[in-house]
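Structure first, then comments.
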2 protein chains.
Amino acid sequence: MSRSKSDEAQQAKPLSRIQETNRKAILEAALDVFAISGFRGATIDEIATKAGMSKPNLLYYFKSKRAIYQQVLEQTLSDWLAPFAELDPTGDPVEELRRYITAKLKMSEKNPNASKLFANEIIHGAPVIGDFLKTSLKTLVDEKAKVIRYWVGEGKLAPVDPYHLIFMIWATTQHYADFDVQIRAVVGSQAGRPGFADQAAQAVLTIILNGIRPRQ
Amino acid sequence: MSRSKSDEAQQAKPLSRIQETNRKAILEAALDVFAISGFRGATIDEIATKAGMSKPNLLYYFKSKRAIYQQVLEQTLSDWLAPFAELDPTGDPVEELRRYITAKLKMSEKNPNASKLFANEIIHGAPVIGDFLKTSLKTLVDEKAKVIRYWVGEGKLAPVDPYHLIFMIWATTQHYADFDVQIRAVVGSQAGRPGFADQAAQAVLTIILNGIRPRQ
DNA sequence: GTCTATAAGAGGATAGAC
DNA sequence: GTCTATCCTCTTATAGAC
C-alpha cells in the first residue's frame, strides 16, 4: 500500500492499456446508469454489465460504488463549467452571453446524462459536491457576477441582478436535458427532429438576450 | 375484498377520523422523504418515523411503498398545474404571464419539495406519470400554446415559440426549488434573508417580460 | 485480471399477538 | 389499529480459485 493519500484524484501511477480501457468503459457506463437511476437506484451489476464485465471485476477497478460515483461526477463537473469560465469581460456582453448560452444548450443536447447526473446530485442535497459548490463554484460565480455587473455599469446591459441572470441561464439550458422526457411527451415526435434543438436555442436566445439588452 | 377496482383513486368509502389523520401524516412525511431521497432512496422506515408511527402500521394504511408514492405524486400534480390552467386568453398577455410566473415562484418558495418530487420523477424517466404527461399535460399545454400564439398574432407579444416560452418559465421558476442547495451555496447567507425571493422574482420577471414584450 | 461463490446487511413486506 | 418478530429478496462487497 505505497500509494499516497487520495484515491479520487487519479494518481500518476502507470496504467496498463487494459486498465485504461476498462476504467473508461466503467465510467461511461456509470454516467448513464447514475444519471437515469440516481446514486441509490443504480446498481453495480447494471454498470458492470453495461461496461461488459462482471461485478467483482468492476470492483477490482473501483473499490466501491461511491468511488465510481465521485470519479464520474468530478470528471463531469469541469467540462460542465468550462464555457462559463470563458466569459470574457473585454468582449461584447450580448455576444459573450450568446456564446455561453449556445454552448450550454449544445452540451445539454449532446450529453444530457451529464446534466441529469448533476441535477440528481443537487436535488438530493449535494452530499458529494457540496463543498465544491461552496468554494470553487462560489468563487467562480462571484467573479463572473462582477463581470456582468461591470457590463451593466457601462450601460451595455439592462440593469439585472447578475446572480439571477446566471441562475436563469443555467435553469433554462439544463432544462432541455433534465426534463427531456417531459418535453418529448409534450411536443411529441417533433423533439426528435433535427431542427428542434436549433429552434429551442433560437427561442431561448431571443427571450433572454432581448430581456437584458439595454433600452433607452 | 368487496371494494372496486382502483385503489389509487381513494374510494368513497368512509374514513374514520384516525384514519384520516394518519393517512395525512403519512403523505406529508412521504413528500419530504421522496423529494430528498427519490423513490429508490426513500425508506418506508424513515417515512413511518417521520409520520410518528411504526413501519408495519404505515403499511396498514398503504399496501406498498409504491402506493404511497403514487398518491403523493398525483396529489401534488394538480396543485402544481392549477395556475397554468388559469392563463386567461382575454386578459392582458404580459399581465397574465406575470401572474403565472409570480404564482409559480411562490409555489417553489413555499413548497420546494413538491417541485423536487416532480423533478425526480421526470429525471428518472417518469415511470409513474409518463402517461399523464403524454395525455392530460400535453392537451393542456397545446391549449395554452394556442393562446400564446394568438397573443403573438395580435401583436401583443414579440414573436416567440409558445412551447419554448412555457418550458422557459417552468425551468426558471422550478430551478429555485430544485437547485436551492446550489443557490444557497453560491449566494451564501443571503438566500435565507426575507427579501431574496422577491429579488429573484423581480429579476426573472424583468428578463422574461422584457424578452417577450413586443418591440416596434 | 477475471471468475464463482458467498458473506453481510439493508429494506420491503407479512404473520400473528394484543 | 398497533405492535414485535420474522421472512425474503436484493445488493454491496469480499474470498479465493484460476
Side-chain angles (χ1 to χ4, degrees), chain A residues 1 3 7-8 10-11 13-30 32-73 120 124 127-128, chain B residues 1 3 7-8 10-11 13-30 32-73 120 124 127-128:
Chain A
M1 201 42 89
R3 85 162 77 111
D7 257 340
E8 294 101 60
Q10 210 51 7
Q11 291 324 92
K13 78 180 160 274
L15 293 177
S16 70
R17 182 148 309 121
I18 189 165
Q19 277 178 329
E20 229 173 299
T21 30
N22 275 343
R23 288 185 76 100
K24 216 170 119 183
I26 292 170
L27 292 175
E28 266 169 37
D32 291 351
V33 176
F34 282 132
I36 291 166
S37 306
F39 178 75
R40 258 323 269 289
T43 69
I44 294 183
D45 222 353
E46 196 183 347
I47 299 174
T49 305
K50 212 161 198 160
M53 69 191 73
S54 70
K55 187 161 53 165
N57 197 15
L58 182 150
L59 287 166
Y60 170 78
Y61 290 98
F62 290 88
K63 72 175 195 301
S64 70
K65 184 177 167 182
R66 180 157 220 97
I68 312 172
Y69 182 71
Q70 288 187 340
Q71 184 79 46
V72 75
L73 194 56
N120 262 316
H124 295 173
V128 171
Chain B
M1 191 63 75
R3 84 162 76 111
D7 255 345
E8 294 103 57
Q10 210 52 8
Q11 291 322 92
K13 80 181 160 273
L15 294 176
S16 70
R17 182 148 311 119
I18 189 165
Q19 278 178 328
E20 229 173 298
T21 30
N22 273 343
R23 287 184 78 98
K24 216 170 118 183
I26 292 169
L27 291 174
E28 267 170 37
D32 291 351
V33 176
F34 282 131
I36 292 166
S37 306
F39 179 75
R40 260 318 274 286
T43 69
I44 295 184
D45 223 353
E46 195 183 347
I47 298 174
T49 305
K50 212 162 197 161
M53 69 190 72
S54 69
K55 184 163 56 166
N57 196 16
L58 180 150
L59 287 166
Y60 170 77
Y61 290 99
F62 291 88
K63 73 174 194 301
S64 70
K65 183 178 168 181
R66 180 157 220 98
I68 313 173
Y69 181 72
Q70 287 187 339
Q71 184 80 45
V72 75
L73 194 55
N120 262 316
H124 295 170
V128 172

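Since the structure is predicted, the reported quantities are computational estimates derived from the model, not experimental observations. The chains referred to below are lettered A, B, ... by the order of the sequence lines, with proteins before strands, and numbering in each begins at 1.
Relative orientation of the B:Phe34 and B:Phe39 rings is parallel, given thresholds of 30° and 60° on the angle between their planes.
What you find for B:Ala29 and B:Ile47 is that their closest heavy atoms are CB-O, 3.6 Å.
Between A:Asn57 and C:dG1 there is no side-chain polar atom (N or O) within less than 4.0 angstrom of OP1 or OP2. Considering only side-chain N and O atoms, A:Ser54 lies nowhere under 4.0 angstrom from the phosphate OP1 or OP2 of C:dG1. Proximity of B:Asn22 to the phosphate of D:dT2: a side-chain N or O atom is located under 4.0 Å from OP1 or OP2.
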Detail all sub-3.5 Å separations between protein N/O atoms and N/O atoms belonging to nucleotides 13-15 of chain C.
residue: C:dA13; atom: OP2; partner: B:Lys65; partner atom: N; Å: 2.9

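Atom CZ of B:Phe62 is separated from atom P of D:dG1 by 14 Å (rounded to the nearest Å). Residue A:Ile26 contributes atom CD1, which lies 12 Å from atom P of C:dG1 at whole-angstrom precision. If you take CE of A:Met53 and P of C:dC3, they are 9 Å apart, rounded to a whole angstrom. As rounded to whole Å, 5 Å separates atom P of C:dG11 from atom CZ of A:Arg40. Rounding to whole angstrom units, CG of residue B:Leu15 and C1' of D:dG1 are separated by 14 Å. If you measure from atom OH of A:Tyr60 to atom P of D:dC18, you get 19 Å, rounded to the nearest angstrom.
No engagement by A:Ala48 is indicated, since no non-hydrogen atom pair under 4.0 Å with the nucleic acid exists.
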Going through the distances and angles, do B:Asp32 and B:Lys50 end up as a side-chain contact (heavy atoms from CB on, under 4.5 Å)?
CA-CA 9 Å; B:Asp32 291 351; B:Lys50 212 162 197 161; 4.1 Å; yes

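A:Ile18 CD1 to A:Tyr61 OH: the interatomic distance, rounded to the nearest 0.5 Å, is 5.0 Å. For the atom pair CG of B:Leu58 and CZ of B:Arg23, the computed distance is 10.0 Å after rounding to the nearest 0.5 Å.
The side-chain contact (heavy atoms from CB on, under 4.5 Å) search around B:Glu28 returns B:Lys24, not counting sequence neighbours. Applying the side-chain contact (heavy atoms from CB on, under 4.5 Å) test to B:Ala25 and every residue at least two apart in sequence or in another chain returns B:Ala51.
Nearer to the 5' terminus of DNA chain C, by closest-nucleotide assignment, is the contact made by A:Tyr61 (compared with the other of A:Tyr61 and B:Asp45). Place A:Thr43 and B:Gly52 on DNA chain D by their nearest nucleotides, and B:Gly52 ends up nearer the 5' end.
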